[in-house]
Structure formats: structure tokens, C-alpha cells
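Let me begin by presenting the structure, written as C-alpha cells, before commenting on it.
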Amino acid sequence: MEILKLKPVFKDYIWGGTRLKTDFGFDSPLEKLAEGWMLSCHKDGENEILNGKYKGKTLSEVLNLNRDFLGENGKKFEYFPILIKLIDAKNDLSVQVHPDNDYAMRVEHEYGKTECWYILDCDENAELIYGFNRKIGSDEFKKRIADNTFLETVNKVKVKKGDLFFIEAGTLHAIGKGILLAEIQQNSNTTYRVYDYGRLGADGKPRQLHVDKAVDVTKCEPPKYGTDPIGEEKVFEGYSARLLIECELFKVESVKITDAYKGLCAGESFVSVLVIGGAGTVDGETVKKGDSLFIPAGYGEFTVKGRLDLILTRV
Ligand code: ZN
């Protein structure tokens, strides 16, 4: 069994910047890199394997051949359960919402989306939209979109590096300009755009809104959660670790290695290793900032060495 190194897929959405090139060193013919899909089996952007005997195959193909790589937890899902992205917002993203599984399966034939954001860096006064600033009814929701006063109802939050936002399906949200983040989410690309600041798309027309579907799925209330990771930072010999979020869909940890760390990839889940800083090795495989590894379930113990800042995700 071997560790799979993944080739990211890039998206040049209009709001994106160039920090994935300048900060992460990614090479792409695209001018802007809004998103890097770092762990993806989604049809809209599948990772290819860069190393070893599966080189050139997609991760989906490898997992179809080796269901055990998913682990017992991963096999419970009908489709590959998660999607992990790096996002560089040079400009504000549209205000949006995602449906839950029941609604999405019925209407869109894919999973709904619960997601979380881990803020990697941001401009000094960067802010984002997270839920509403008070409870509103669906009539007011529609009226305020129609008369362009929608932003008066949203909850704007100033962000700082290290914040963690847990965005359950149905929560209104928008990443604001000047924010670089890692997003761990359910494997879905269903987004209902609620408000787009009246901007025009690449074709010179306003981008489509999905107000009716958004009204169906949005919880029109303030968010239930704070903006801190759920765990405290724990310092061990050679590394420190902090639990960022744990829910029924995924468990995400920040691990900072100063010397060496031993992790376990047991039968329950694969481990996604996303390198967000530094350089080193994972069981001898050289890694640096921007690399993404998939360690199959059942691989056993793996050893990370060097000075590395990692995000580890399990299901
Ligand atoms: Zn979203």
C-alpha cells in the first residue's frame, strides 16, 4: 500500500487572485487561481495521481479498484464523501447557500454541502458573511434581494488567521475579499447564489441568482457557532496539534511539525494530508507547501519529518 500524491485542479473564477501562485508556488497557465481542488473525486475537477504505480490515474479510478482505501467510515457513503480546496478571494464572492443532503439528493441528485473554512491568511480588515444578524422571514428575504437592501440583514464577521467557520448546510455565507483559506466540505458542487452585489459575469451579464431554491433551504437566523477551532492547541515532543472541527461528516486537525510526528491511518478512514507550510517528508516522500497526499485506510503508521504545517482530515 502506498501514499498517493495528488495533482490539484485549478479554477479561475472571476473573484480569484494570484496568491496560489505567489504564496504556494503552483504552476498553471490560468491567469487567476481562485480555487485549487486539493482532494477531489468530483466530476467537475478530479485529482490525478502524481507518483508510484497509480501515476496518471485519477483518484476516483484508484478508489474504484481499491474500495478498502476508503476505510469503513468512507465506505458508508455512496460517493466519495469530501472535497478539499484552497481558496484565494481577491474580491468578494457571491452570497450563497447550499442545500442539505435530503434536498440536494431530491433536486440536484448529488450530496448537499456542509463545509468549514480554516483561515490561512487575510488582509487586516477582511471580513466575511456568516448567517444573518437577526431572524428574518422568507418574505423579507425575497423582498430585500429584490430591492437591493439584502446586505442590511447579513452577519458580517471580521476574520483573523486561525479562525474556523463551521457552515452547516442552510447557512448563508460569503467569503470576503482579501481572504486565503482552506475549505473542507462535502463532495458537492451545488450552490444557490442569493446575492451578487449587482456584478456582471465574464459574459457581461449579471450572474444567475437562485432565489427560490435559496428560500427553500436557507435558515434565516444568526449562526449557532463561534469562530474558534473546537480544540485547544496541544504541544507534544516534535509537534503540536489542534482539533479544528469534528462533525458527523469529517474530522479536521491542524498539525505543526517541528521535528517528527507519527500518525495512524487505521481501518476506519483514509487520511488527507494537506501541506500549508514548510517542507519535509512523509514516510520518505518529499513534500512541501501546497502538496496534497491521500493515505489509504489501513496503511498503518506514517511518519512525518521536517518543519511542516499540515491540515489532516479524516471521515
Ligand atoms: Zn459555500
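This structure is a prediction, so every number in the text was calculated from the model and none was measured.
- Aromatic pair Phe80/Phe270: centroids less than 6.0 angstrom apart.
- The side chain to side chain contact (heavy atoms under 4.5 Å, CB included) with Asn66 is formed by just one residue from the set Leu70, Asp68, Val62; it is Val62.
- The number of heavy-atom neighbours closer than 6.0 Å to NZ of Lys177, taken from other residues, nucleotides and ligands shown, is 12 or below.
- In this structure the side chain of Leu86 reaches within 4.5 angstrom of the side chain of Leu120, judged on heavy atoms.
- Using modelled atom types, no side-chain atom of Gln185 and backbone atom of Leu83 make a donor-acceptor pair closer than 3.5 Å.
- Between the side chain of Asp283 and the backbone N or O of Phe302, no donor-acceptor pair lies under 3.5 Å.
- Shown here are the ring-ring contact (aromatic ring centres under 6.0 Å, His included) partners of Tyr103, two or more places apart in sequence or in another chain: there are none.
- Val194 places a side-chain heavy atom less than 4.5 Å from the side chain of Val97.
- Judged by distance alone, the side chain of Thr58 and the main-chain N or O of Asn47 form no donor-acceptor pair under 3.5 Å.
- Two different hydrophobic clusters hold Val252 and Leu264 under the rule that ILVMFWY side chains link at heavy-atom gaps under 4.5 Å.
- Salt bridge present: Asp147 and Lys143 bring a charged side-chain N and a carboxylate O closer than 4.0 Å.
- No more than 12 heavy-atom neighbours from other residues, nucleotides or ligands sit within 6.0 angstrom of NZ on Lys57.
- Taken from CG in Leu6 to CZ in Phe294, the straight-line distance is 8.0 Å, to the nearest 0.5 Å.
- Taking the charged nitrogens against the carboxylate oxygens, Glu268 and Lys251 have no contact shorter than 4.0 Å, which rules out a salt bridge.
- Side-chain heavy atoms closer than 4.5 Å link hydrophobic residues (I, L, V, M, F, W, Y) into clusters, and following such links, even through other members, never connects Ile129 to Ile167.
- Ile245 places none of its side-chain heavy atoms less than 4.5 Å from the side chain of Tyr118.
- Partner Trp37 forms a side chain to side chain contact (heavy atoms under 4.5 Å, CB included) with one of Glu46, Glu183, His42 and no other, that one being His42.
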For this session: Determine, step by step, whether Cys41 and Leu63 satisfy the side chain to side chain contact (heavy atoms under 4.5 Å, CB included) criterion, reporting the C-alpha distance in whole Å, the side-chain angles of both residues, the deciding distance to 0.1 Å, and the verdict.
Result: CA-CA 9 Å; Cys41 288; Leu63 295 176; 3.9 Å; yes

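- Note that CD of Glu35 and CG of Leu93 are 7.5 Å apart. Values are rounded to the nearest 0.5 Å.
- The neighbour count for Lys305 NZ, taken as heavy atoms of other residues, nucleotides or ligands under 6.0 Å away, does not exceed 12.
- Remark: the backbone N or O of Tyr111 is not paired with any side-chain donor or acceptor of Asn101 at under 3.5 angstrom.
- Here Glu48 pairs with nothing under the side-chain hydrogen bond (donor to acceptor under 3.5 Å, both in side chains) rule; sequence neighbours left out.
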Exercise. Could you go step by step and tell me if Tyr299 and Phe69 meet the ring-ring contact (aromatic ring centres under 6.0 Å, His included) rule?
Worked result: CA-CA 8 Å; Tyr299 179 88; Phe69 283 11; 9.6 Å; no

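- Leu308 and Tyr261 fall within a single hydrophobic cluster, where Ile, Leu, Val, Met, Phe, Trp and Tyr side chains are chained together by heavy-atom contacts under 4.5 Å.
- Phe166 CZ to Thr171 OG1: the interatomic distance, rounded to the nearest 0.5 Å, is 8.0 Å.
- To the nearest 0.5 Å, atoms CD1 (Ile87) and CH2 (Trp15) are separated by 5.0 Å.
- The existence of a salt bridge linking Arg199 and Asp92 is excluded, since no basic side-chain nitrogen approaches an acidic carboxylate oxygen closer than 4.0 Å.
- In terms of heavy-atom proximity, Val217 sits nearest to Pro99 at CG1-CB, 3.9 Å.
- Within a 6.0 Å sphere centred on CD of Glu301, heavy atoms belonging to other residues, nucleotides or ligands number more than 12.
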Problem set entry | Asp23 and Lys289: CA distance, side-chain angles, deciding distance, side chain to side chain contact (heavy atoms under 4.5 Å, CB included) verdict | CA-CA 9 Å; Asp23 289 26; Lys289 183 173 179 175; 4.3 Å; yes

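- Two residues are said to be in side-chain contact when any heavy atoms from C-beta on lie closer than 4.5 Å; Leu274 and Leu39 fail this criterion.
- Between the side chain of Asp291 and the backbone N or O of Val275, no donor-acceptor pair lies under 3.5 Å.
- Here the two rings, on Phe165 and Tyr225, have centers that are 6.0 Å apart or farther.
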For this session: Kindly determine whether Lys5 and Leu293 satisfy side chain to side chain contact (heavy atoms under 4.5 Å, CB included), including the steps that lead there.
Result: CA-CA 5 Å; Lys5 199 170 193 175; Leu293 305 177; 3.7 Å; yes

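- At most 12 non-hydrogen atoms from other residues, nucleotides or ligands lie less than 6.0 angstrom from CZ of Arg307.
- Between the side chain of Asn155 and the backbone N or O of Tyr130, at least one donor-acceptor pair lies under 3.5 Å.
- In this structure, a donor-acceptor pair under 3.5 Å is absent between the side chains of Glu108 and Thr190.
- Side chain of Asn133 to backbone of Val154: a donor-acceptor contact under 3.5 angstrom is found.
- A donor-acceptor contact shorter than 3.5 Å links the side chain of Lys219 to the backbone of Ala169.
- Formation of a donor-acceptor pair under 3.5 Å by the Arg242 side chain with backbone atoms of Gly231 is found in this model.
- Judged purely by atom type and a 3.5 angstrom limit, Ser188 has no side-chain atom pairing as donor or acceptor with the backbone of Lys113.
- Residues Cys116 and Phe250 share a closest heavy-atom pair of SG-CE1, 4.0 Å.
- Within the 4.5 Å cutoff, side-chain heavy atoms of Leu172 are placed close to those of Val95.
- Under the rule for a salt bridge (Lys or Arg N to Asp or Glu O under 4.0 Å), the partners of Glu140 that lie at least two apart in sequence or sit in another chain are Arg134, Arg144.
- At a threshold of 4.5 Å between side-chain heavy atoms, the hydrophobic network of Ile, Leu, Val, Met, Phe, Trp and Tyr places Leu164 and Ile179 in one connected group.
- Side-chain contact check for Glu115 and His173: at least one donor-acceptor pair (N or O, by modelled atom type) lies under 3.5 Å.
- Of the candidates Leu50, Leu59, Ile295, Leu4 forms a side chain to side chain contact (heavy atoms under 4.5 Å, CB included) with just one, namely Leu59.
- Residues Val211 and Tyr197 fall within the same hydrophobic cluster, defined by Ile, Leu, Val, Met, Phe, Trp and Tyr side chains chained together at heavy-atom separations under 4.5 Å.
- Contact check for Lys85 versus Lys11: no side-chain heavy atoms found under the 4.5 Å cut-off.
- Taking CD1 of Ile3 as the start and CD of Glu285 as the end, the distance is 7.0 Å to the nearest 0.5 Å.
- Considering every non-hydrogen atom in both Pro296 and Met1, the closest pair reads CB-SD, 3.7 Å.
- The distance from the NE2 atom of His98 to the CG atom of Asn189 is 9.0 Å, given to the nearest 0.5 Å.
- Between Lys213 and Asp216, none of the side-chain N atoms (NZ, or NE/NH1/NH2) sits under 4.0 Å from a carboxylate O, so this pair counts as no salt bridge.
- Annotation for Lys7: atom NZ does not count as buried by contact number, only 12 or fewer foreign heavy atoms lying within 6.0 Å.
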For this session: Show your working on side chain to side chain contact (heavy atoms under 4.5 Å, CB included) between Arg19 and Lys90 and close with a plain yes or no.
Result: CA-CA 9 Å; Arg19 294 190 65 183; Lys90 186 165 195 295; over 6 Å; no

